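The next block holds one structure in the form of structure tokens; read it before the comments.
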Amino acid sequence: MNRADLRLAGLSAGYRGRAALADVSATIPAGRITAVLGHNGSGKSTLLAALAGVLKPLAGTIERPGIRRTAFVVQHSAVPATLPITVRDTVAMGRWAHLGPWRRPRRTDRAVVEECLARMDIADLADRRLDTLSGGQRQRALLAQALAQEADLLLLDEPTTGLDAEARQRITDLLEDVVERGVTVVHATHQRDEALRGSHCLLLENGRLLAEGDPESTLALGSAPRSRC
Ligand SMILES: Nc1ncnc2c1ncn2[C@@H]1O[C@H](COP(=O)(O)OP(=O)(O)OP(=O)(O)O)[C@@H](O)[C@H]1O
């Protein structure tokens with residue numbers, strides 16, 4: 001995959017004109033996993049929302065060369081637990097941007113949905129309702145929905161929060177599978193061990209970038225955050 005890195009220059013972003021993220025200049029390597037690490041309120045979600053284009057920068061720029069489609073998986077606490085839809089329908093929602101003028105899924109759309117179910121290892125759960133799944137299964141369904149969008153930038157806000165060690169490990173393994181296919185992954189996390197499994201790390205504190213680089217030296221440079229905030 002021949003794509004350039006994403007570049008943030010002097011980026012400030014926030015809410016109602018107030019910056020929650022100030023003057024961040026950083027590089028996000030294409031086709032790699034970048035972890036955004038920091039305590040509660042440090043600005044991780046704000047950074048992801050700015051990368052997704054949901055929040056317009058108050059100042060500065062974001063260069064996203066070669067990124068055509070972005071998938072943003074919000075914190076699962078933000079997704080209603082009682083949505084009365086099946087796992088397959090949830091994943092099929094990821095195809096909406098690809099549907100033709102009649103909004104009818106074509107054979108290729110159905111094939112992508114089945115492939116994403118299989119890749120996230122939830123094909124056997126396809127007919128189950130989303131609200132009957134465990135947290136880890138649900139998170140994999142949301143990941144499958146994001147993959148179905150065939151995005152080249154995948155943004156995940158704390159995808160493993162609330163999951164047990166095995167489910168967390170599974171999600172982290174799946175992210176490695178996603179980048180192997182050339183997707184750029186950025187995920188917010190509180191977990192140092194998860195940040196260490198990526199290629200790159202941005203460490204935020206109070207809306208500022210404290211350190212950036214390979215995960216090991218970034219975590220060593222920063223004032224070591226608690227492993228669970
Ligand atoms: N919708 C909003 N309106 C106003 N202020 C907000 C909004 N969302 C976040 N903030 C504020 O912006 C700052 C950064 O919040 P953000 O959610 O980006 O941090 P975070 O690192 O993702 O935190 P957490 O780990 O708790 O999810 C905080 O002070 C927060 O109160």
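As the structure is a prediction and not an experimental result, all values here were calculated from the model. Numbers here simply count residues along the sequence, with the first being 1. One-based numbering, in listed order, for ligands and for the atoms of each.
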field: Qualifying residues under side-chain contact (heavy atoms from CB on, under 4.5 Å), relative to D23, sequence neighbours excluded
entry: R208
ILVMFWY clustering at 4.5 Å (side-chain atoms), partners of L58: none
statement: Using heavy atoms and a strict 4.0 Å limit, residues surrounding ligand 1 turn out to be Y15, R16, A20, H39, N40, G41, S42, G43, K44, S45, T46, Q75, E158, H190
message: Just checking R119: does its CZ atom have more than 12 heavy atoms from other residues, nucleotides or ligands closer to it than 6.0 angstrom?
response: yes
field: Ion pair check, R138 and D131, cut-off under 4.0 Å
entry: no
- request: Write out all pairs satisfying salt bridge (charged side-chain N to carboxylate O under 4.0 Å, His left out) with one or both partners inside residues 141-150, taking only residues at least two apart or from two chains.
  value: R95-E150
query: Take atom CG in N206; do more than 12 heavy atoms of anything else shown fall under 6.0 Å from it?
result: no
